[in-house]
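Some notes on the structure that comes next.
Order of the sequence lines sets the chain letters (A, B, ...), proteins ahead of strands, with each chain counted from 1. Computed from a prediction, not measured in an experiment: that's the story for all the values here.
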Protein chains: 2
Amino acid sequence: MTMNIGDVSRRSGLPAKTIRYYEEIGLIRPARSPNGYRSFRESDLHRLAFLGRARALGFTIEECRALLALYQDDGRESAQVKQIAEGHLARIDEKIAQLQSMRATLAHLVSCCAGDDRPDCPILDDLSAGTGNCHGG
Amino acid sequence: MTMNIGDVSRRSGLPAKTIRYYEEIGLIRPARSPNGYRSFRESDLHRLAFLGRARALGFTIEECRALLALYQDDGRESAQVKQIAEGHLARIDEKIAQLQSMRATLAHLVSCCAGDDRPDCPILDDLSAGTGNCHGG
DNA sequence: CTTGACCCTCCAGTGACTGGAGGCCCTATC
DNA sequence: GATAGGGCCTCCAGTCACTGGAGGGTCAAG
């Protein structure tokens, strides 16, 4: 009927530690067996799976909390959900842009570095001087 | 001749807190004035600028430590530097791929959501069921 | 002599877990 | 009845790279 933490861990793919943590911060409220063990129902598992997917999409814990609340709320407006998702999407785009900028600089420096047994290194030169370019420039 | 922390902060662009932290973890070793203030030389500032640029490229603190050590080491081989940079580049590529995958899923879901005052929401449907698709395919 | 800007140390918090110590519960086996 | 094992519990500490704040000393100007 109900499951122990190991069962929901296997079925949700979330580590038991993470599930305990989610309870601690109030994302789930599993019942307790007389022996003190957490006792999960299917609805708890469903909630955990929801959380696992939302986290896998990169939503923060607080966004997950908000999404869960909207999910439970029959009077929600889909605009509220969309707003959270769009905000997150914008954050992702920012991060991608930042990483791509790093990547470009770094790839250029790497391509300039001989990578042999001599000490000359355009990577260190750039970090040292901040010129931002090497021979291939 | 020497600078206080506020000066190097302005000239390096790093917050004073960060500079103190870098000292605490042994990345820099500024001298001290009789009054207890940190007393930075140009060489300290140079080191901090190096750190700032390396961090801006996303290197971890430990990688920065290794890069600084190589920078100081006349007997280095550029291959050592290149290896660190290539490792970091690979990590960046991984992160970009992961973010782009998230982005694709999320953008699709967002495009499927009406974002109006009705409760129906393909984003929540997906998080709830994990189907990974909505009407638009 | 006071104001204000600057500097100091130490402690706590961030996000989202993760690892580990120390100990209880339950089933199976000898 | 003792023991071995696996699973569960709580609580504390650590991760990464800072960041914020309390509480207090230092210094130049007016």
Side-chain angles (χ1 to χ4, degrees), chain A residues 2-40 44 47-48 50-68 87-88 91-92 94-95 98-99 102, chain B residues 2-40 44 47-48 50-68 87-88 91-92 94-95 98-99 102:
Chain A
T2 66
M3 297 161 277
N4 280 345
I5 201 167
D7 304 317
V8 280
S9 171
R10 270 180 294 277
R11 291 183 59 189
S12 68
L14 295 171
K17 278 262 173 190
T18 299
I19 296 171
R20 290 195 195 97
Y21 172 68
Y22 285 174
E23 182 190 23
E24 192 188 321
I25 62 174
L27 287 177
I28 50 166
R29 285 184 196 286
R32 292 286 176 141
S33 300
N35 64 7
Y37 286 17
R38 286 170 186 81
S39 172
F40 298 83
D44 294 316
R47 240 173 125 80
L48 285 170
F50 184 107
L51 285 167
R53 282 186 287 266
R55 291 288 300 129
L57 284 179
F59 286 105
T60 66
I61 289 287
E62 288 315 308
E63 284 166 341
C64 289
R65 197 190 296 280
L67 289 171
L68 267 178
H88 179 39
R91 245 186 15 237
I92 287 181
E94 244 178 74
K95 268 194 200 165
Q98 195 185 6
L99 285 171
M102 282 181 188
Chain B
T2 66
M3 297 161 277
N4 281 344
I5 201 167
D7 305 316
V8 280
S9 171
R10 270 180 294 277
R11 291 184 58 189
S12 68
L14 295 170
K17 279 263 174 190
T18 298
I19 296 171
R20 290 195 195 97
Y21 172 68
Y22 285 174
E23 182 189 23
E24 191 188 323
I25 63 174
L27 288 177
I28 50 166
R29 283 183 198 288
R32 293 285 175 141
S33 301
N35 64 7
Y37 287 15
R38 287 170 186 80
S39 172
F40 298 83
D44 294 315
R47 241 174 125 80
L48 285 170
F50 184 107
L51 285 167
R53 281 186 287 265
R55 291 288 299 130
L57 283 179
F59 287 105
T60 66
I61 289 286
E62 289 316 308
E63 285 166 339
C64 289
R65 196 190 297 280
L67 290 171
L68 265 178
H88 179 41
R91 247 186 13 240
I92 287 180
E94 244 178 73
K95 268 195 200 162
Q98 196 184 4
L99 285 172
M102 283 181 188

Could you check whether B:Tyr22 gets within reach of a base, just the sugar-phosphate, or nothing at all, counting any heavy atom under 4.0 Å?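 Contact class for B:Tyr22: sugar-phosphate only.
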
Looking for any heavy atom pair under 4.0 Å, which part of the strands does A:Arg20 touch: base, sugar-phosphate only, or nothing? base

Tell me whether the OP1 or OP2 atom of C:dC8 has a side-chain N or O from B:Arg38 closer than 4.0 Å. yes

I want to check one thing: is the phosphate of C:dA16, taken as OP1 and OP2, less than 4.0 Å away from some side-chain N or O of A:Arg65? no

Taking donor-acceptor contacts at under 3.5 Å, does the side chain of B:Tyr37 reach the base of D:dG25? yes

Test: [X] and [Y] ion pair at under 4.0 Å:
{"X": "B:Glu23", "Y": "B:Arg38", "answer": "yes"}
{"X": "B:Glu63", "Y": "B:Arg55", "answer": "no"}
{"X": "A:Arg91", "Y": "A:Glu94", "answer": "no"}

Nearest to the side chain of [X], which nucleotide is it out of [options]?
{"X": "B:Thr60", "options": "C:dT18, D:dA17, D:dT10", "answer": "D:dA17"}
{"X": "B:Arg55", "options": "D:dC9, D:dC18, C:dC7", "answer": "D:dC18"}
{"X": "A:Thr18", "options": "C:dC7, C:dT18, D:dC8", "answer": "C:dT18"}

Would you indicate whether the side-chain heavy atoms of A:Ser9 and A:Leu14 approach each other to under 4.5 Å? no

Please compare A:Lys17 and A:Asn35 by the position of their nearest nucleotide in DNA chain C and report the one closer to 5'.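 Its nearest nucleotide being more 5', the pick is A:Lys17.
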
